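In what follows, a single structure is set out as structure tokens and then discussed.
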Amino acid sequence: MRVLFATSEIHPLMKTGGLADVSASLPHALFELGVDIRLVMPAYADTLSRLKAWQVVSELNLGIFGSARLLRSQMPGSRVPLFLIEHPSFSTRTGNPYNDTTGHAWPDNAERFTLFSRACEMLALDQAMLDWQPDIVHGNDWQTGILLSLLRDNPQAPPSLITIHNLAYQGVFDRATFEQLGLPARLWRPDALEHWGEMNCLKAGLNAARKIATVSPSYAREIQTPAFGQGLDGMLRQRQADVLGMINGIDMDEWNPAADAHLAAAYTLNSLENKALNKVALQREMGLDMDAEAMLIGMVGRMTEQKGLDVVLAAAEQIMQRPVQLAMLGGGDATLEAAFQALMLRHPGRVSVRLGYNEGLAHRIEAGSDVFLMPSRFEPCGLNQLYSLRYGTPPIVHGVGGLNDTVIDTYEATLANGSANGFVMRNLDVPAILWGVSRALEFFQQPKVWAILQTHGMAQDFGWTASAQRYLELYQELTQKPSDSSAATTTPIAPIPEVKLPSSKPTRSHAASKA
Ligand code: ADP
Ligand code: GLC
């Protein structure tokens with residue numbers, strides 16, 4: 001089984017969020033299952049500086065975009081082959097792959113991810129001097145939507161699937177932009193990439209992919225409803241039979257409290273007392289009072305509307321009336337950043353906020369906190385709650401998406417049957433957050449019960465074994481000949497007839513900014 005796995009970020013080569021973690025750990029797990037999987041991503045300036053070595057394979061002619069070099073390398077610390085598309089629009093910019101330093105989307109994102117798609121298309125069709133053609137193209141999020149759309153009608157192209165990591169980012173651009181991309185005019189249709197008069201890269205990918213995976217069973221159901229569908233719920237309902245929820249795994253080696261080089265002290269289920277050393281070290285590092293009794297609440301993540309941080313702010317003064325501390329690491333929305341900094345100034349020694357990206361501190365917050373707060377408005381899967389469970393730091397979450405599928409609320413019955421591992425708020429508002437924090441505090445103040453709760457989470461297996469196996473079965477299903485009966489479960493994707501492009505009407509310019 002040969003698979004081309006196309007993605008816009010891979011940890012540790014480029015990361016803005018969980019997509020990068022999954023783009024590293026899922027292919028690794030598939031590789032271990034014997035899949036000939038090869039990764040392809042853009043060669044960002046920072047990526048090239050993080051890689052030790054690479055070779056130039058070929059020069060790809062990308063038409064109006066000029067040419068790009070195809071580089072071959074290997075994932076750091078693994079044997080998974082990695083291809084990079086080196087084009088000046090990626091390789092001459094440092095920092096965030098989607099946004100400039102002010103947080104605005106790069107103005108040429110449509111061009112950048114179209115040329116990335118064009119280059120990946122050449123790999124998919126064995127036109128890149130590799131002498132290797134995949135049996136499956138696996139795309140991820142909007143940045144690979146155009147790729148899947150380009151492959152859709154080509155009889156030489158392998159079947160494709162897409163994984164949606166976040167439906168909120170769709171890669172939306174105006175009509176005038178579309179016309180400058182040199183894409184086939186026939187794609188300007190609602191069953192390809194047109195969506196209410198705009199170009200929508202994610203929709204293009206969803207329409208083209210034979211199967212649509214998303215990263216948890218709950219999110220797979222939620223995105224088919226108007227409340228979570230981000231305007232695409234109608235088309236997802238139509239493709240209901242092809243939409244699958246597969247829960248993400250984590251890298252159990254990288255996120256392992258027994259052997260984590262970022263921590264002050266290693267610990268396991270049998271040496272939980274060492275976790276307290278990490279709390280002390282975290283309090284020192286973040287300038288918090290050395291208070292062993294206070295329940296230290298950790299938070300790590302992108303500061304966006306998705307993560308429910310506005311509700312935390314609304315509840316903050318009431319939360320701080322309780323014996324708690326707050327340690328937060330994140331970055332993003334300038335208003336949220338400023339509001340959390342103001343909260344820190346109002347509660348010196350009890351609230352500490354660090355802005356920016358800091359890999360080591362993310363690990364230390366997972367280990368040193370007592371509880372982990374994740375009140376996301378929606379959460380396709382969420383990895384931070386899985387990391388916190390593994391680190392004996394019970395999560396307090398809003399019960400949506402992957403949070404709903406991985407966190408089991410604590411009450412008598414779930415404590416008794418060994419499933420309780422955290423606290424689940426059924427609503428997202430100030431009373432719900434206060435309820436969640438108070439409930440956690442109530443159990444935190446009963447050390448014996450707390451240890452049971454920590455043990456449940458730490459004993460769980462969050463690895464990739466089950467989900468990687470399911471992806472492999474999906475690849476096998478997609479590569480079966482049409483005469484095989486099981487292949488009939490896949491909806492055939494109709495070819496798009498050639499059409500004449502009507503004259504353009506400029507529409508609102510509007511760009512997506514994240515994976
Ligand atoms: P999302 O992908 O929506 O951002 P996830 O929970 O799936 O949410 O994954 C977030 C990933 O990004 C985790 O690995 C988390 O540790 C990491 N992360 C987020 N913000 C930061 C930050 N400021 N510094 C370090 N790591 C971060
Ligand atoms: C997205 C989602 C997050 C998920 C991650 C990896 O960024 O917001 O919930 O865990 O992708 O799939």
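Indexing begins at 1, ligand by ligand and atom by atom, following the structure's order. All values derive from a computational prediction rather than experimental measurement. FYI, side chains are in, hydrogens and waters are out, and symmetry mates aren't considered; it's all heavy atoms of this structure.
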Proximity winner for atom 19 (C) of ligand 1, if only heavy atoms of Gly301, Gly17, Gly382, Gly402 are counted
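Minimum heavy-atom distance to atom 19 (C) of ligand 1 goes to Gly301.
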Using heavy-atom distances, let me know which of Cys381, Gly18, Ser216 sits nearest atom 5 (C) of ligand 2.
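Looking at heavy atoms only, Gly18 sits closest to atom 5 (C) of ligand 2.
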Please work out which of the three classes, parallel, tilted or perpendicular, describes the rings of Tyr98 and Phe113, given edges at 30° and 60°.
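Ring orientation of Phe113 relative to Tyr98: tilted.
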Polar-atom distance check: Val215 versus ligand 2, any N or O pair below 3.5 Å?
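Min N/O separation from ligand 2 is not below 3.5 Å for Val215.
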Counting only nitrogen or oxygen atoms and a 3.5 angstrom limit, does Lys307 reach ligand 2?
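N/O-N/O distance under 3.5 Å: no.
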In terms of atom number and element, which parts of ligand 1 are under 4.0 angstrom from non-hydrogen atoms of Gln306?
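Under 4.0 Å from Gln306, ligand 1 has these atoms: 3 (O).
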Number the atoms of ligand 1 from 1 as they appear, then name those within less than 4.0 Å of a heavy atom of Lys307, with their elements.
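The atoms of ligand 1 under 4.0 Å from a heavy atom of Lys307 are 1 (P), 3 (O), 4 (O), 8 (O).
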Which segment of Asn248 sits under 4.0 Å of ligand 2 when only heavy atoms are counted
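Just the side chain.
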Answer with side chain, backbone, both or neither: which part of Leu19 has a heavy atom less than 4.0 angstrom from an atom of ligand 2?
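For Leu19, only backbone atoms sit under 4.0 Å from ligand 2.
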If we count only N and O atoms by modelled type, under 3.5 Å, do the side chains of Ser89 and Glu111 hold a donor and an acceptor together?
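There is no such pair (donor and acceptor under 3.5 Å, judged by atom type) between the side chains of Ser89 and Glu111.
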Less than 3.5 Å apart, any donor N or O on the side chain of Gln283 or Gln325 sitting next to an acceptor on the other?
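Judged by distance alone, the side chains do pair up.
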Does Gly382 have a non-hydrogen atom less than 4.0 Å from ligand 2?
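The answer is yes, since Gly382 has a heavy atom less than 4.0 Å from ligand 2.
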Other residues, nucleotides and ligands only: do more than 12 of their heavy atoms fall within 6.0 Å of CD on Gln240?
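No, because the 6.0 Å sphere around CD of Gln240 holds 12 heavy atoms or fewer from other groups.
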For Phe173, the option from Leu193, Asn200, Asn109 that meets side chain to side chain contact (heavy atoms under 4.5 Å, CB included):
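When side chain to side chain contact (heavy atoms under 4.5 Å, CB included) is applied between Phe173 and each of Leu193, Asn200, Asn109, only Asn109 qualifies.
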Determine whether any heavy atom of His11 lies closer than 4.0 Å to an atom of ligand 1.
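False for this residue.
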Does a salt bridge link Lys15 with Asp21, judged by any charged N lying under 4.0 Å from a carboxylate O?
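Judged by the 4.0 Å cut-off on N to carboxylate O distance, Lys15 and Asp21 do form a salt bridge.
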Is any side-chain N of the basic residue among Asp333 and Lys307 closer than 4.0 Å to the acidic one's carboxylate O?
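No, no charged N to carboxylate O under 4.0 Å.
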Ligand-side contact atoms (ligand 2) for residue partner Val22, heavy atom cut-off under 4.0 Å:
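Listed by number with element: 6 (C), 12 (O).
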